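Here the structure is a predicted model, which means the values were calculated and not measured.
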Amino acid sequence: MNTKTALITGASSGIGKAIAWRLAKEGYNLIITGRRQERLEALQETIELKHPIKTHILVFDVRNCAEVEMAVRSLPDEWQEIDVLVNNAGLAAGLDPVHQGAIDDWERMIDTNIKGLLYVTRYVSPGMVARQSGHIINIGSIAGRTIYPNGAVYCATKYAVDALSKGMKMDFLPYGIKVTQICPGAVETEFSIVRFKGDRERAAKVYEGFTSLVADDIAEAVGFAVTQPPHVDIQDMLVMPTAQAYGQVFHRKGQ
């Protein structure tokens with residue numbers, strides 16, 4: 001049984017939750033993090049009933065550097081060795097042209113998708129460097145490969161994840177640390193509900209007429225990356241629905 005430890009950000013729902021289940025299946029002990037403690041506690045209870053692994057909860061907002069530092073430094077000794085970091089926490093907010101964009105939405109995306117990823121990596125990676133071992137997985141997006149109308153700022157944040165992933169691979173190369181970026185296409189989770197501020201009807205239209213990815217599909221990609229032998233690093237993976245060619249290019253039934 002694998003006795004390694006994985007820390008997953010944004011584990012309370014969607015892709016992060018699915019990744020937690022997938023890594024538990026592989027025997028990883030889990031540090032599950034997010035802002036919604038009750039959801040994390042429910043996940044902890046159900047995972048531990050199903051799998052013979054241990055879990056530890058950290059409640060913090062990745063956008064707050066001081067909270068991130070405090071949370072990571074608060075880990076008990078038995079949880080200090082983090083073998084896999086999954087930077088999953090991320091979101092889109094709003095869908096507006098730049099001249100009509102909400103500044104609060106921009107800051108929320110930039111602070112979560114870029115700065116949050118950096119903060120967590122900054123405080124987890126020194127342990128990997130000291131041990132000369134580890135694996136960092138950044139959840140990017142097809143939006144980090146192509147731009148679509150009214151999504152300039154969100155796309156910019158995911159382009160940043162792409163650049164950071166490539167730069168991290170260079171920085172961590174001397175220490176034997178793997179870096180993987182996994183870029184999903186359209187995945188039906190809470191993503192569009194968050195983007196449209198709770199408008200479920202509008203969110204549902206995003207996925208009409210085709211079979212989208214689900215969170216478990218991306219979790220499987222993570223599972224594939226972490227189960228490769230030590231000499232193999234899956235550096236970049238683009239995972240799309242069959243009905244999506246690129247960006248906003250879909251084949252929708254009846255259209």
Side-chain angles (χ1 to χ4, degrees), residues 1-37 39-62 67-90 116-139 165 168-169 172 175-182 215-216 218-234:
M1 179 64 71
N2 193 326
T3 57
K4 292 184 176 181
T5 297
L7 186 153
I8 305 162
T9 66
S12 62
S13 65
I15 292 173
K17 183 177 179 179
I19 292 170
W21 278 102
R22 183 64 182 82
L23 294 185
K25 182 180 177 182
E26 291 297 327
Y28 279 82
N29 291 326
L30 302 176
I31 302 169
I32 50 176
T33 83
R35 292 176 298 146
R36 295 174 286 191
Q37 183 167 347
R39 289 198 179 192
L40 294 172
E41 289 172 348
L43 178 60
Q44 178 183 48
E45 181 179 357
T46 54
I47 282 184
E48 289 185 350
L49 283 173
K50 178 81 173 178
H51 297 287
I53 58 107
K54 296 184 291 184
T55 59
H56 184 80
I57 291 173
L58 288 180
V59 179
F60 62 87
D61 187 340
V62 297
E67 282 188 23
V68 174
E69 181 180 13
M70 185 180 301
V72 174
R73 294 195 189 284
S74 76
L75 286 167
D77 289 345
E78 65 178 304
W79 291 98
Q80 287 286 334
E81 257 190 47
I82 297 168
D83 301 283
V84 175
L85 166 62
V86 183
N87 283 311
N88 164 73
L117 181 151
L118 281 169
Y119 295 157
V120 178
T121 303
R122 175 62 182 84
Y123 292 111
V124 171
S125 61
M128 294 180 175
V129 169
R131 295 188 301 275
Q132 298 203 16
S133 175
H135 195 165
I136 297 170
I137 299 175
N138 297 327
I139 304 300
S165 298
M168 284 181 190
K169 183 59 190 178
F172 293 130
Y175 309 104
I177 297 170
K178 297 184 182 186
V179 179
T180 299
Q181 179 184 209
I182 297 175
D216 285 341
I218 307 309
E220 280 300 314
V222 172
F224 177 74
V226 302
T227 53
Q228 296 306 300
H231 70 287
V232 176
D233 181 13
I234 306 298

Practice prompt. Mind running side chain to side chain contact (heavy atoms under 4.5 Å, CB included) on R39 and K17 for me, showing each step along the way?
Written response: CA-CA 10 Å; R39 289 198 179 192; K17 183 177 179 179; over 6 Å; no

Discussion item. Between H51 and W21, does the side chain to side chain contact (heavy atoms under 4.5 Å, CB included) criterion hold? Intermediate values first, please.
Written reply: CA-CA 9 Å; H51 297 287; W21 278 102; 3.9 Å; yes

Worksheet entry | side chain to side chain contact (heavy atoms under 4.5 Å, CB included) assessment of V84 paired with K4 | CA-CA 8 Å; V84 175; K4 292 184 176 181; 5.8 Å; no

Worksheet item: Can you check side chain to side chain contact (heavy atoms under 4.5 Å, CB included) on S125 and M168, steps first, answer last?
Response: CA-CA 10 Å; S125 61; M168 284 181 190; over 6 Å; no

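Between the side chain of E67 and the main chain of D61, a donor-acceptor pair closer than 3.5 Å is present. Distance alone, capped at 3.5 Å, places no donor-acceptor pair between the E26 side chain and the R22 backbone. Looking at D233, its side chain does come within 3.5 Å of a backbone N or O of V179 through a donor-acceptor pair. Side-chain N or O atoms of T5 include none that pairs as donor or acceptor with a backbone N or O of W79 at under 3.5 Å. Between the side chain of R73 and the main chain of Y123, no donor-acceptor pair closer than 3.5 Å is present. Within the 3.5 Å criterion, the main-chain N or O of G127 finds a donor-acceptor partner in the side chain of R131. Q80 contributes a side-chain N or O that, together with a main-chain N or O of L75, makes up a donor-acceptor pair within less than 3.5 Å.
Remark: Q132 CD is packed, more than 12 non-hydrogen atoms of other residues, nucleotides or ligands lying under 6.0 Å away.
Here the side chains of I53 and Y28 are not in contact, with every heavy-atom distance at 4.5 Å or above. Looking at I177 and V129, their side chains come closer than 4.5 Å, going by heavy atoms from C-beta outward. The side-chain heavy atoms of I57 and T55, taken from C-beta on, include no pair separated by under 4.5 Å. Side-chain contact between V226 and I137 is present, with at least one heavy-atom pair separated by less than 4.5 Å.
Between atom CD1 of residue I8 and atom CD1 of residue I139 there is a gap of 10.0 Å, rounded to the nearest 0.5 Å. The line from CD1 of I31 to CG of L7 is 4.5 Å long, rounded to the nearest 0.5 Å. The line from CG of L40 to CD1 of I47 is 10.0 Å long, rounded to the nearest 0.5 Å. Distance check: H231 NE2 to K178 NZ gives 8.5 Å after rounding to the nearest 0.5 Å. Note that the CG atom of D83 and the CD1 atom of I136 stand 12.0 Å from one another [nearest 0.5 Å]. Atom CG of L30 is separated from atom NE2 of H56 by 12.0 Å, given to the nearest 0.5 angstrom.
A side-chain hydrogen bond (donor to acceptor under 3.5 Å, both in side chains) with T121 holds for exactly one of N138, T9, N87; it is N87. Screening N88, V72, V68 for a side chain to side chain contact (heavy atoms under 4.5 Å, CB included) with V120, the sole residue that qualifies is V68.
Nearest heavy-atom pair, I32 versus A20, reported as atom, atom and distance to 0.1 Å: CG2-CB, 4.2 Å.
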